[in-house]
Trainee: 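There's a structure below that I have some questions on.
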There are 2 protein chains.
Amino acid sequence: MPMKAEPETAQETESARGPRYNEILTASIEVFSRTNYEKATTALLAKEAGIAEGTLYRYFPTKKDLFLECFRYITNQMVERYIDVYRRVGQDPRSYLIEVAKSYFEFLQENPSMRLFMAFVLNNSFDQDFRDELDRFVMFNVNATERMLRLAIEKGEIRDDINPRVGAWFFVGGYFTLILMSELDADDFKHPDFMDDLLKLFL
Amino acid sequence: MPMKAEPETAQETESARGPRYNEILTASIEVFSRTNYEKATTALLAKEAGIAEGTLYRYFPTKKDLFLECFRYITNQMVERYIDVYRRVGQDPRSYLIEVAKSYFEFLQENPSMRLFMAFVLNNSFDQDFRDELDRFVMFNVNATERMLRLAIEKGEIRDDINPRVGAWFFVGGYFTLILMSELDADDFKHPDFMDDLLKLFL
DNA sequence: CCCTGGCAAGTGAGTGCTCACTCACCTGGG
DNA sequence: CCCAGGTGAGTGAGCACTCACTTGCCAGGG
C-alpha cells in the first residue's frame with residue numbers, strides 16, 4: 001500500500017487531463033499491441049475506447065502523441081517496479097539484477113498487451129521522436145545495469161571476467177529476447193526453471 | 001570461392017524470373033530498411049529500382065510477396081555463411097559458436113540495410129505469413145545453436161552449468177541486441193574488443 | 001423547486017489525401 | 001509482325017484529422 005503523500009502523481013492528475021484519459025490510454029495500448037501502429041486506425045482506437053473519433057482528438061493532438069503517451073505509460077510502470085526493487089535490495093547488486101529480471105519477466109506475463117511496444121518503436125526508428133523515446137528507456141536500463149554489474153564484481157558476488165558495459169547491453173537485450181520468445185510462443189519460455197537457468201548465464 | 005557445381009542456385013535462376021529481378025530485390029531491401037514496411041510505398045520502391053510501378057507487379061503479385069522475398073534473400077545469405085562456418089569448424093563446437101557470432105556481426109556491419117528486417121517482421125507478427133517466416137529463421141538458429149552448445153558441453157569446451165536450450169535462445173537473441181545497438185548508435189558496438197567481451201559471457 | 005444560460009465534454013459525417021493495385025497501351029529485338 | 005517486357009495515369013478504398021453540432025451538468029435568479 002503506497003503512501004498518499006504526493007498529490008501530483010499520475011492518478012491524481014487524471015481528472016485534470018479529462019475523465020476518459022486513462023480509459024483511452026489503456027484501450028489504445030490493447031489495440032496497438034494487437035495489431036501495429038499503422039493498422040491501429042484512429043477509428044478503431046476510438047471504437048475500442050468506447051468514444052467517438054472526435055473525442056480522441058480532444059485528448060491527444062495526433063495519433064503519434066497518443067502512441068508516445070502509451071509508450072511512456074508502459075515504461076514508467078516498468079521503471080517504478082525497478083525503483084521498488086532498488087529500495088528493497090539496492091545494497092545487494094546481485095539480488096538487484098536477479099529481482100529486476102524477474103520483475104520484468106512477471107510484467108511481460110501479466111501484461112501481454114505491453115510486450116510489443118518496444119518492437120514498434122524500433123520499427124519506427126526512422127522517426128526521431130520514436131527513436132528518442134526508445135533511446136531514453138534503453139539507456140536508462142543499460143546504465144543502471146552496468147552500475148550494478150560493476151558493484152557486483154567489486155563485491156565479488158559474480159564472475160569478474162566480464163566487461164560490465166557489454167554485460168549490461170546483453171542483460172537489457174535479453175528483455176527483447178523475452179519479447180521475441182513470447183511472440184513465437186516458444187514453450188521454453190513457460191518452463192518453471194527458465195528464469196533461473198537464464199540468470200545463471202550471467203551471474 | 002564457392003563451387004559452381006549446382007546450376008539451380010538463386011543466381012542462376014535470375015533470368016528465369018526476369019531480367020530485373022535481382023535489381024528490384026536489392027533496391028527494395030534498401031528502401032524497406034531506410035523507412036519501414038508501411039512507409040515504403042510501391043511508388044517509391046519502383047522509383048528506387050528504376051522501373052515503373054506496373055513492372056513491379058509483373059515480378060511480384062503483391063507488395064507483401066516482395067517483402068517476404070526480401071526477407072528470404074537476406075536470411076538465405078546469413079544461413080549460407082553459417083553453413084560455410086560449419087564446413088570449416090563444425091567439428092569444434094566452441095569455434096563454431098564464436099565464428100558464427102563474428103560472421104553475423106560482420107554481416108551487420110557490411111549490410112546496414114539488412115539490419116532492420118527482423119524488427120519489421122516482429123512488428124508485423126499479427127500477420128501469420130510474416131510470423132511464419134520469422135519463426136522459421138529464428139528456430140533454425142536456436143536449434144543449431146543448442147546442438148552446438150550441447151556438443152561443446154559434452155566435450156568440456158565451455159562451462160557445463162548452463163541449460164543449452166536457454167543458452168541458445170539468448171545467444172540468438174543477442175543478434176537482436178546487436179540490431180538494437182546499431183540502431184541506437186551505441187558506440188560500445190564499435191569497440192574493437194566488443195565481440196570478444198560479448199562471447200566471454202557465454203563461453 | 002423550477003427554469004435557464006453557459007460551457008466542458010462528446011459526437012460522427014465530411015474532407016482531402018495517399019495508397020496498393022490495374023489495365024490499356026507502348027517499344028524494340030528477332 | 002509478334003510479343004515479352006515495360007509503362008504510368010487511373011481507381012476505389014482507407015486513412016488522419018476537422019468542425020459544426022449535440023448533450024448533460026450545474027450555478028444562481030425568480
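Residue numbering restarts at 1 for every chain, and letters A, B, ... go by the order of the sequence lines.
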Trainee: To the nearest Å, give me how far apart CG (Leu66(A)) and P (dA16(D)) are.
Mentor: 11 Å
Trainee: Using nucleotides 6-10 of chain D, report all nitrogen or oxygen pairs with the protein that are shorter than 3.5 Å.
Mentor:
{"from": "dG6(D)", "atom 1": "OP2", "to": "Tyr59(B)", "atom 2": "OH", "distance (Å)": "3.0"}
{"from": "dG6(D)", "atom 1": "N7", "to": "Arg58(B)", "atom 2": "NE", "distance (Å)": "2.7"}
{"from": "dG6(D)", "atom 1": "N7", "to": "Arg58(B)", "atom 2": "NH2", "distance (Å)": "3.4"}
{"from": "dG6(D)", "atom 1": "O6", "to": "Arg58(B)", "atom 2": "NH2", "distance (Å)": "2.4"}
{"from": "dT7(D)", "atom 1": "OP2", "to": "Ala52(B)", "atom 2": "N", "distance (Å)": "2.9"}
{"from": "dT7(D)", "atom 1": "OP2", "to": "Thr55(B)", "atom 2": "OG1", "distance (Å)": "2.8"}
{"from": "dG8(D)", "atom 1": "N7", "to": "Gly54(B)", "atom 2": "N", "distance (Å)": "3.4"}

Trainee: Between Tyr104(A) and Tyr175(A), is the ring centre distance below 6.0 Å?
Mentor: yes
Trainee: Hey, can you pull the donor-acceptor pairs under 3.5 Å for the side chains in residues 133-141 of chain A, sequence neighbours left out?
Mentor:
{"from": "Glu133(A)", "atom 1": "OE1", "to": "Arg136(A)", "atom 2": "NH2", "distance (Å)": "3.0"}
{"from": "Glu133(A)", "atom 1": "OE2", "to": "Arg72(A)", "atom 2": "NE", "distance (Å)": "2.9"}
{"from": "Glu133(A)", "atom 1": "OE2", "to": "Arg72(A)", "atom 2": "NH2", "distance (Å)": "3.1"}
{"from": "Asn141(A)", "atom 1": "ND2", "to": "Phe137(A)", "atom 2": "O", "distance (Å)": "2.8"}

Trainee: Do you know the tightest heavy-atom contact between Glu69(B) and Tyr21(B)?
Mentor: CG-OH, 3.1 Å
Trainee: Are any of the side-chain heavy atoms of Arg81(B) and Glu106(B) separated by less than 4.5 Å?
Mentor: yes
Trainee: Take the C1' atoms of the five end pairs on each side of the helix from dC1(C)-dG30(D) to dG30(C)-dC1(D), derive the two axes, and give their angle rounded to 10 degrees.
Mentor: 10°
Trainee: How many Å lie between NZ on Lys64(A) and P on dC17(D), as a whole number?
Mentor: 10 Å
Trainee: Once you round to the nearest 0.5 Å, how far does CZ of Phe117(A) lie from OG1 of Thr75(A)?
Mentor: 10.0 Å
Trainee: Measure NZ/Lys39(B) against P/dA20(C) and give the value in whole Å, please.
Mentor: 12 Å
Trainee: Measure NZ/Lys47(B) against P/dC19(C) and give the value in whole Å, please.
Mentor: 12 Å
Trainee: Counting only side-chain heavy atoms from C-beta out, which of dC19(C), dT18(D), dC15(D) sits nearest to Tyr57(A)?
Mentor: dT18(D)
Trainee: Quickly work out the Lys63(B) NZ to dA13(D) P distance and round it to whole Å.
Mentor: 19 Å
Trainee: Reading DNA chain D from 5' onward, which residue's closest nucleotide shows up sooner: Pro61(A) or Thr41(A)?
Mentor: Thr41(A)
Trainee: Rounding to an integer number of Å, can you tell me how far Tyr37(A) OH sits from dG14(D) P?
Mentor: 20 Å
Trainee: Please report the closest heavy-atom contact between Arg165(B) and Asn163(B), naming both atoms and the distance.
Mentor: N-OD1, 2.8 Å
Trainee: Kindly indicate whether a cation-pi arrangement holds for Lys64(A) with Tyr37(A), taking the cut-offs as under 6.0 Å to the six-membered ring centre and within 45° of the axis.
Mentor: no
Trainee: Is there a side-chain hydrogen bond (donor to acceptor under 3.5 Å, both in side chains) between Asn76(A) and Glu80(A) once you walk through the steps?
Mentor: CA-CA 6 Å; Asn76(A) 283 345; Glu80(A) 269 173 38; over 6 Å; no
Trainee: Could you tell me if the side chain of Glu183(A) sits less than 4.5 Å from the side chain of Phe189(A), heavy atoms only?
Mentor: no
Trainee: Send over the distance from Leu45(A) CG to dC17(D) P, rounded to a whole Å.
Mentor: 11 Å
Trainee: Using atom CG of Leu44(B) as one end and atom C1' of dA20(C) as the other, report the distance to the nearest whole Å.
Mentor: 14 Å
